[in-house]
Amino acid sequence: MTRSREHLKFLLNGEARQVTNSPPTMTVLNWLRAEGLVGTKEGCAEGDCGACTVVVAEKSVKNDKIEFKAINSCIRFMPTLDGKAIYTVEGLADAEKNLHPVQQAMIDHHGSQCGFCTPGFVMSLWAQYQNIQAHGGDKPSISDLQIALNGNLCRCTGYRTILAAGQAAYDRAAYDQAVYDQPAATVDRQELSQKLTAMENAEILHLPHPSSMFAAPKTLADLLTLRQNHPAATILAGGTDVGLWVTKQHKNLPEIIYLGEVAELQAMTTTADSLVIGAAVSLHDGFAAIEQHYPQMSELARRFASTPICQSGTLVGNIANGSPIGDSMPFLIALRAEIELIGAKGARRMPLEDFYLDYRKTALAADEIVAYLHVPLPPSLSLSLSLSLAKHDGEFTLKFATYKVARRYDSDISAVCGGFAVWLDASHRIRDARLAYGGVAGIPKRARAAEQSLLGREFTEASVRAAMAALSGEFSPLSDHRASHAYRLAMMQNLLLRFYLEHNQAAPLPRQATNVYAGF
Amino acid sequence: MTPDMTPPDMTRDLDGRSLPHESARLHVMGAAHYTDDIPEIQGTLYAAMGVSSQAHAVIEAMNLEAVKSFPGVVAVLTAQDIAGENNHGSILHDDPILAKDLVQFIGQPIFAVIATSTDSARKAARLGDIKYQNLPPVLSPHDAHAQKSYVVPPMRLRRGDVAEKLAAAPHKLSGTFSVGGQEQFYLEGQISYALPRENQSLHVYCSTQHPTEMQMLIAHMLGWPQHRVTVEVRRMGGGFGGKETQSAQFACIAALAAHHTGRPVKLRLDRDDDMMITGKRHCFYYDYSVGFDETGLIQALKLEMILRAGYSADLSGPVATRAICHVDNAYYLSDVDLAAFCAKTNTQSNTAFRGFGGPQGAMAIEYIIDDIARHLGIDPLDVRHRNFYGKNAGAKNAGQGRDTTPYGQTVTDNIIHDLVERLQQSSDYRRRRVLINDYNKNSKFLRKGIALTPCKFGISFNVVHLNQAGALVHVYGDGTVLVNHGGTEMGQGLHTKICQIVAAELGITPDRVRVTATVTDKVPNTSATAASTGADLNGKAAQDAAAQIRGRLLPVAAAMLGCAESEVVFANNRVQGGGKSIGFNDLVAKAYMARVQLWSDGFYATPGLHWDAASMTGKPFFYFCYGAAVSEVTVDTLTGEWRLDRVDILHDVGRSLNPAIDRGQIEGAFIQGLGWLTTEQLVWNDKGRLMTHAPSTYKIPASHDCPPVFNVALYEADNAADTIGRSKAVGEPPILLSFSVFFAIRDALAGLAAGKGSSPPLNAPASCEEIFRVANGFKAV
């Protein structure tokens, strides 16, 4: 194995820091507050309110450019910051206490009332500001701001003043020039890049804390060795679920293996027939790549979770977790996605739907990890269908959509999530159908009977209504605090109907006619 | 990286009075200290609570050995360790700090663990081995009502002859509906930090709206005189009523632990614990009969309201009183029979939440008017108009023209006609109604709806003696000013307004005035900062104090300027008269040398209030606030999803002390009310366990819930009552504006209901599922 290092190195508000003897499950929030940096607050300790928002800056694996990401410090473990730069609300004003434009705009537009959520909002706005400034962008739209702030809850203001402040921060003409031209407004990327480079090294972070082991391998080979030596270890990626095991369930995690530094798993590649997404790729980056090929999933990507969660959490983590309410699985199953498991005996691939055996039970062996997600690209999807039908009937048309229903638009767990794909031949007959749902069974599940009822029929409302009827025969969703059995079943049916309404050949309806969020 | 201690920049005054929040600069720098941010004293210990897993049970045995032996645990405290009164109930003494023999809801604290870290305390708190003998729980308010099980006796307000008028009315309707409860969801959870001080005393930092009550309850618990306990709060990270009485249990436990261990003890609740333990807004169930004529004019109303009080009284009695006093909202109701039942359930003890029953009371009449309008096929706005309090109400013809509330107070300041007329015009309500009808004719799955709802809200505590306040103003030798008063800052901008009031009185700029933490050892015997009265009461008291100092400075100034006292003008940090001008600082320096007292107390008691609780009549309110809102929504009948397209608000704050802060209160209350009536749903399972106890399961509005068009204007006219600067209260009334969202959703569904004249049976919260249920006419499961 590669040489290891027993302390953390990172930049805190631009200054180099080393931390030793910190328990591996120490959250960034608790560490900051113990350091006296109490501007960052705990509102929920589960990554849902954003009072704890801080910003992490790191080099993009893609192009070496620095990306600023708002994250929830309350569920992020300290060792995952190794080699990165972290910014807190205390670090934004310059030495003369001149405020950053987003801070000043928040004052001028009365964006704070009780002030407890304010540092989190400021950090989300600041991250967006850094990224926009770096690309020479213009001020964000209200919609962009709503997305940037969808992980920050405010109970006082009703958000209008904060959104106004978010735009005004870019409005140099309306404000005191002196305030907005302070050097603190944008981070010196060249200098930061040099500092980050200086921290780079080949060592594996391996914290020998008495209460628990934390190892951050940098290669797939080292990861697999660790996995075999520590079969009971918790596999940690984005930590947006594992963090809650510690903060809410008070679990001890005696051994942790962190995937975030494994070079092979940070990669996203496009092969001839599919998009391959590594286990360390964030939800944000993974969705962005998939959206390039399947823009129909963009609303789901916006609603999947908050921006900070999407920037910390990983897409493969959502899949590997095995939760029945993950929103990424239904559409991936519909698109014939496969996962690649790697273990001591080598790699194996399987269709995503075969991974889920029972409630919270997957096909993963003790020595394996879920390494990659393979998302077929649109042409290869149709081609594989042709091959599976053993004869080429001419061009197939793919109709695809994914929808979720939840109480709230932003960052809410679905009552029902559906992913739908049908392949039509030239005569509009359905040659293949994949209808997958989350939130309605112990695992993400295909509606086999409904699919079967569609095969060979024309894509008409009558066919779809028959499939809707079939759904009630094969599913019996639970009633719980999110939704009743009856509502869940009705949503399974009506989301399928919406799919038909928007994608039928005869008279497809625009989203504006079927979806109240079309304008969001 | 030391916290920034420079004073807030109070000079960026954008429109004259709209100063930023006095802590805004600290907020955005993360330099504003909340209770958990106060640097800890060495030796500080941390507390957590062991809670009941049963909704209703006798505690048969308790084995806490595993808790005590958990690493880091220093002490474990139970009811046995309380020397004085084991109670944190503010009115009735029915709230044990730590349950002794009986547990009455899942989440009720039974023991407290004190440890060297929060983590240890929380882990250990789960290890209690408690043997319960279960008793049948009462989980639904209807069941409690059927058993006549109430936390306070039922209340009833009657006027006229309802039975006779109902029988004679040309039209009659009756029905049932409900509104849900609401978690306060202050972003800063409950927290107290208790420090033992010399000679048997305690200093307690507490995130509370009511420091004096915390002080009293801690003293009672320890069997101490009150003067040995000091409670301090600089600011809260939100309160919304949830820290009026419910902060007491945690203040008491922290104080008890500090007293027992002799060390500082902090009790900071985890969010889930906070939501599992503390009370919320009361959900209400309504049953009504109304008689009216063909124009919709109400002739008689009989209404029963059942509230989920939870296991103890807390503030349920006053909440029910305020609900009854707001059933009229903006309407004259000649003959009424209004009853409220505070049902005792084995759930959290419900408490104050912004509006304090007022919104639930007013919601009833709005729902009934909506039903009347749909029954008659008239635009609901016309039925609202028809029932407004008399237009010409005023001192001259008081009592003559439909201007007396059911509880006997004459409405002398009615502006609702003009206000609604203006909003109707500015929002283009009538034309949009036509456009919406057209849209609905052409849209198969999405439907639009619109509603204009008014609000009238009574200002003052319904309990007369609470309407008092005190303040201290200190002018230091350098001319800077420090103000302390009995109100607490929870984000509403109270300290900013007080700062402006004192600055204006002394003729200095607000940057010279600093408002300090609220502390019981300065202004004593304070009332809760509640009922929207913070600025009304404390503003008047602070003005009184500043005016006294000004009065003492006046002769000194006249002598320095060589002019008559009547010619002296205090303005812009200077004092002028007789053609001369001196600096305020110089005047203060001179006055000090002349041995003039440069500090003063101030006091205020709201005049003219009286209330007879037995008959539920009197003059409980000093004045009324008015407002109205128009909301337009689009609803998806396939899923029940909806969006808010546009909101127009015109709201009455009298002569605003700070338009930016008032607007912030209006917008914030509107969105908070929108959450209450739509996305926020409290769900208990069949064992009585609250299943929605964190932001992952309980959904308050987020950034996309802010409407794309959000027009908010202030109806600026002087308050007819003699309030501070002729302003009006603003904290609670605008919650009622959010009714317009609920009724717009109902409006969108109305055309779907089977047959003409029927009303969509929509209950609040109008969740997607509820909307879908109504849209599709299938039964709730």
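Order of the sequence lines fixes the chain letters, A, B, ..., with proteins taken first and strands second; residue numbering starts at 1 for each chain. Values below: all heavy atoms of this structure, side chains included; hydrogens, waters and symmetry mates excluded.
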Step by step, work out the side-chain contact (heavy atoms from CB on, under 4.5 Å) result for B:Leu638 and A:Leu497.
CA-CA 9 Å; B:Leu638 283 182; A:Leu497 179 61; 3.8 Å; yes

What is the distance from atom CD1 of B:Ile700 to atom CZ of A:Arg155, rounded to the nearest 0.5 Å?
4.5 Å

Criterion salt bridge (Lys or Arg N to Asp or Glu O under 4.0 Å) on A:Glu42 and B:Arg268, from CA distance to verdict:
CA-CA 10 Å; A:Glu42 178 181 309; B:Arg268 176 172 65 82; 2.9 Å; yes

Please confirm whether the backbone N or O of B:Ala702 pairs with a side-chain atom of A:Tyr409, one donor and one acceptor, at under 3.5 Å?
no

What's the shortest heavy-atom distance between B:His21 and A:Ser112, and which atoms?
CB-O, 4.4 Å

Does the side chain of B:Met29 reach to within under 4.5 Å of the side chain of A:Glu90, using non-hydrogen atoms?
no

Parallel, tilted or perpendicular, judged at 30° and 60°: which one describes the rings of A:Phe520 and B:His704?
parallel

A:Asn515, A:Ile147, A:Thr514: which one forms the most heavy-atom pairs within less than 4.5 Å of chain B?
A:Thr514

Contacting region of B:Ala32 [heavy-atom separation from chain A under 4.5 Å]
backbone

Value rounded to 0.5 Å, distance of OH in B:Tyr698 from CG in A:Asp412:
13.0 Å

Which atoms of A:Ile142 are under 4.5 Å from chain B, going by heavy atoms: the side chain, the backbone, both sets, or neither?
neither

Any idea which of B:Gln492, B:Arg663, B:Met275 has the most non-hydrogen atom pairs under 4.5 angstrom with chain A?
B:Arg663

Does any heavy atom of chain B fall under 4.5 Å from the side chain of A:Ala483, the backbone, both, or neither of them?
both

A:Asp410 and B:Ser703: CA distance, side-chain angles, deciding distance, side-chain contact (heavy atoms from CB on, under 4.5 Å) verdict
CA-CA 7 Å; A:Asp410 291 308; B:Ser703 63; 3.6 Å; yes

Would you call B:Asp37 and A:Arg33 a salt bridge, taking side-chain N to carboxylate O under 4.0 Å as the test?
yes

Part of A:Val405 within contact of chain B (heavy atom distance under 4.5 Å)
both

Residue B:Val28 versus chain A: region with a heavy atom under 4.5 Å:
both

Mind checking whether B:Asn685 and A:His481 have side chains closer than 4.5 Å, heavy atoms only?
no

Answer yes or no: is there a side-chain heavy-atom contact under 4.5 Å between B:Asp705 and A:Tyr159?
no

Which bit of B:Val635 is near chain A, if near means a heavy-atom gap under 4.5 Å: side chain, backbone, both or neither?
backbone

For chain A, which candidate among B:Cys768, B:Gly189, B:Pro708 shows the most heavy-atom pairs at distances under 4.5 Å?
B:Cys768

Do the non-hydrogen side-chain atoms of A:Met106 and B:Arg25 ever get within less than 4.5 Å of each other?
no

Check step by step if side-chain contact (heavy atoms from CB on, under 4.5 Å) holds for A:Arg482 and B:Thr697.
CA-CA 8 Å; A:Arg482 290 199 176 87; B:Thr697 47; 3.6 Å; yes

Within a 6.0 Å radius of atom NZ on A:Lys251, are there more than 12 heavy atoms belonging to other residues, nucleotides or ligands?
yes

Criterion salt bridge (Lys or Arg N to Asp or Glu O under 4.0 Å) on A:Asp48 and B:Arg271, from CA distance to verdict:
CA-CA 11 Å; A:Asp48 257 298; B:Arg271 174 65 59 183; over 6 Å; no

The interface call for B:Phe185 against chain A, heavy-atom contacts under 4.5 Å, is both

Does a side-chain heavy-atom distance below 4.5 Å link A:Leu153 with B:Pro695?
yes

Can you tell which part of B:Ser696 gets under 4.5 Å to a heavy atom of chain A, answering side chain, backbone, both or neither?
both

If you take all heavy atoms of B:Gly237 and A:Cys114, which pair is closest and at what distance?
C-SG, 3.3 Å

Do A:Lys41 and B:Tyr34 make a side-chain contact, defined as non-hydrogen atoms from C-beta onward lying under 4.5 Å apart?
yes

Need one label for A:Arg303: side chain, backbone, both or neither, based on atoms under 4.5 Å from any heavy atom in chain B.
side chain

Where is the tightest heavy-atom contact between A:Ala51 and B:Leu187, given as atom of each residue plus distance?
CB-CD1, 4.4 Å

With heavy-atom distances below 4.5 Å as the criterion, would you say the side chains of B:Asp270 and A:Lys248 are in contact?
yes

Given a strict heavy-atom distance threshold of 4.5 Å, which part of A:Leu163 is in contact with chain B: side chain, backbone, both, or neither?
side chain

Residues B:His27 and A:Thr118: side-chain donor-acceptor under 3.5 angstrom
no

Considering only heavy atoms, which portion of A:Glu46 lies under 4.5 Å from any heavy atom of chain B: side chain, backbone, both, or neither?
side chain

Criterion side-chain contact (heavy atoms from CB on, under 4.5 Å) on A:Asn494 and B:Phe772, from CA distance to verdict:
CA-CA 11 Å; A:Asn494 283 3; B:Phe772 178 78; 3.4 Å; yes

Contact class of B:Asp36 relative to chain A, heavy atoms under 4.5 angstrom
both

Got a donor-acceptor contact below 3.5 angstrom from the A:Gln113 side chain to the B:Gly664 backbone?
yes

Quick one: which of B:Glu489, B:Met691, B:Lys699 has the most heavy-atom pairs under 4.5 Å with chain A, could you say?
B:Lys699

How about B:Glu769 and A:Ser484: does a side-chain donor come under 3.5 Å of a side-chain acceptor?
yes

Keeping A:Tyr487 on the side-chain end and B:Arg773 on the backbone end, is there a donor-acceptor pair under 3.5 Å?
no

By a 4.5 Å heavy-atom criterion (distance strictly below it), what part of A:Ala415 contacts chain B: side chain, backbone, both, or neither?
neither

Relative to chain A, which segment of B:Glu680 carries a heavy atom at a distance below 4.5 Å: side chain, backbone, both, or neither?
side chain

